[in-house]
There are 2 protein chains.
Amino acid sequence: MANLLEANCLLCRQKSDVFNHLNDNELDRVNGCRVSIKYHQGEVIFKQGSPCHEFVCVTSGLVKIYLEGEGDRKIIIGFARPVDYIFVPGAFSDKRHHFTAVACEETTACLVEVDIIQELLRSNQQFASGFLTKISEQSIRLFDQLTSFTHKQMPGRMADVLICLAQKIYQSNPFHTSLSRQDLADMSGMTKESAIRILKTFKDDQLINTEGNTIEILNMAMLETISRNG
Amino acid sequence: MANLLEANCLLCRQKSDVFNHLNDNELDRVNGCRVSIKYHQGEVIFKQGSPCHEFVCVTSGLVKIYLEGEGDRKIIIGFARPVDYIFVPGAFSDKRHHFTAVACEETTACLVEVDIIQELLRSNQQFASGFLTKISEQSIRLFDQLTSFTHKQMPGRMADVLICLAQKIYQSNPFHTSLSRQDLADMSGMTKESAIRILKTFKDDQLINTEGNTIEILNMAMLETISRNG
DNA sequence: CAGTTTTGATGACATAGATCATCTGATTTG
DNA sequence: CAAATCAGATGATCTATGTCATCAAAACTG
């Protein structure tokens with residue numbers, strides 16, 4: 001059985017909130033020009049600085065989105081899971097990507113030309129409104145990350161990351177992740193070594209348990225306290 | 001002579017880009033329900049966490065926009081100058097303010113009910129599109145700030161701030177500012193003491209000159225190098 | 001399957017930058 | 001005008017965290 005999610009935008013819509021505002025006609029237009037692509041783990045979907053021609057909608061797998069700094073330093077600012085559309089702010093300003101998207105595991109995504117989406121934004125105000133909401137929420141998340149990175153120290157930041165992974169990204173408590181320690185470090189604005197050390201102290205303190213890439217939060221209350229106290 | 005900028009949205013439009021997309025009729029609607037308020041230095045225009053009822057458009061003065069963290073730590077994420085409309089992401093999601101806006105000097109601003117703007121966003125797609133662009137640019141600026149804060153050390157961050165003030169905010173080279181050293185610190189993610197120290201080293205190195213609240217950049221090229229090298 | 005590369009884990013060390021304390025001059029206030 | 005408050009300035013610590021080096025285990029790869 002083929003992956004239903006990829007078969008048609010009309011089926012996919014049931015999963016994605018933004019596209020709920022499009023009628024069947026409009027979705028057919030999107031469906032007609034979409035291209036479904038399969039990415040292997042570690043493959044770049046689009047790269048910071050490159051021109052942005054398509055919108056990307058993740059239909060299976062997991063995509064990490066990060067800012068590239070000097071050297072090989074990264075800041076992971078978010079993830080896209082099925083069925084998430086990746087909001088690309090450059091599409092509305094300088095037509096460039098301002099972050100890089102990479103598949104964390106086997107991933108399929110649909111590419112839709114920017115022009116089509118922008119046409120729909122113009123003709124369908126409910127769709128546009130949904131878009132505005134999504135962008136806004138993304139901004140708000142950035143505020144939180146900026147505050148966390150600037151005001152909290154490492155334990156607080158790592159607590160934030162672990163809570164986010166369990167509650168938002170994987171939505172399960174012992175969760176298995178394809179993210180490396182380096183990725184966790186990039187999510188929390190520290191070096192890999194520091195990330196490993198913090199995870200170890202959390203483990204020693206019975207806050208979490210780690211078995212390779214499986215992490216279990218044992219004491220959520222305490223983690224939340226650590227997050228709050230920075 | 002009264003301040004013309006405040007007299008009427010139609011005149012004000014000439015200054016503000018977003019409102020260019022509204023026709024005279026629509027602007028009249030905005031004009032009809034707007035309230036112009038005068039704020040003194042240091043007064044709060046709206047407060048992080050509070051419900052957001054109005055959009056704020058700054059018609060004179062200078063407004064700083066910052067995130068409030070634990071304790072009294074702040075992160076200044078931007079400024080609004082005449083004629084800037086302050087984009088409030090909460091207006092499209094949870095109807096709450098996610099940052100605080102404070103007048104840095106004598107400031108006048110027009111308040112317009114959120115509902116009116118949202119109605120216009122629905123009926124005028126060009127207006128909505130201009131909005132989308134503005135929000136996107138704000139996001140992109142946040143990316144830069146997040147990268148700067150996380151990857152650069154203090155001299156690089158302060159260089160960023162000084163360049164931004166001279167080129168974007170005040171658009172003049174010896175510039176006089178109503179911002180305190182604490183504000184500069186809040187813009188660059190460090191303590192007031194550190195900000196003062198960095199400014200002093202810059203001054204000692206002939207990169208800038210400071211006389212109270214007047215700052216002159218003497219060696220822009222070097223500052224840019226410092227900014228780039230973090 | 002031997003060899004190479006990557007990832008995780010840890011220790012030793014260096015330092016950027018926060019914190020705390022003090023002092024000055026400026027500005028506000030009773 | 002004295003007193004009090006506040007912003008700027010500066011030095012003395014202390015510490016969180018980055019850097020570097022090493023090593024083991026796992027994962028590729030020819």
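Order of the sequence lines sets the chain letters (A, B, ...), proteins ahead of strands, with each chain counted from 1. All values reported here derive from a predicted model rather than from experimental measurement.
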Side chain of [X] - closest among [options]:
X: Met154(B); options: dA18(C), dT17(D), dG8(C); result: dA18(C)
X: Lys192(A); options: dT17(D), dT10(D), dG8(C); result: dG8(C)
X: Met190(A); options: dG8(D), dG8(C), dG18(D); result: dG18(D)
X: Ile196(A); options: dT10(D), dA18(C), dA9(C); result: dA9(C)
X: Glu193(B); options: dT10(D), dG17(C), dG8(C); result: dT10(D)

Of Asn213(B) and Gln153(A), the one whose closest DNA chain D nucleotide lies more 5':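 First, find each residue's nearest nucleotide; the 5'-ward one identifies Asn213(B).
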Residue whose nearest DNA chain D nucleotide is more 5′ - Lys200(B) or Ile198(A):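 Whichever sits nearer the 5' end wins; that is Lys200(B).
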So, is [X] close to the [N] phosphate, meaning a side-chain N or O under 4.0 Å from OP1 or OP2?
X: Ser180(B); N: dA7(D); value: no
X: Thr191(A); N: dG18(D); value: yes
X: Arg181(B); N: dA7(D); value: no
X: Arg157(A); N: dT17(D); value: yes
X: Arg197(A); N: dT10(C); value: no

Do [X] and [Y] have side-chain atoms, one donor and one acceptor, less than 3.5 Å apart?
X: Ser148(A); Y: Asp160(A); result: yes
X: Thr108(A); Y: Tyr39(A); result: no
X: Glu68(B); Y: Thr100(B); result: yes
X: Thr133(A); Y: Ser136(A); result: no

Roughly how many Å is it from [atom1] in [X] to [atom2] in [N], rounded to a whole number?
X: Lys152(B); N: dT17(D); atom1: NZ; atom2: C1'; answer: 20 Å
X: Leu184(B); N: dA9(D); atom1: CG; atom2: P; answer: 10 Å
X: His40(A); N: dC28(D); atom1: NE2; atom2: P; answer: 14 Å
X: Asp186(B); N: dG8(D); atom1: CG; atom2: C1'; answer: 15 Å
X: His151(A); N: dG17(C); atom1: NE2; atom2: C1'; answer: 15 Å
X: Lys203(A); N: dA9(C); atom1: NZ; atom2: C1'; answer: 11 Å
X: Gln41(B); N: dT28(C); atom1: CD; atom2: C1'; answer: 13 Å

Pi-cation contact, Phe87(A) with Lys134(A) (under 6.0 Å, within 45°):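 Output no; distance or angle outside limits.
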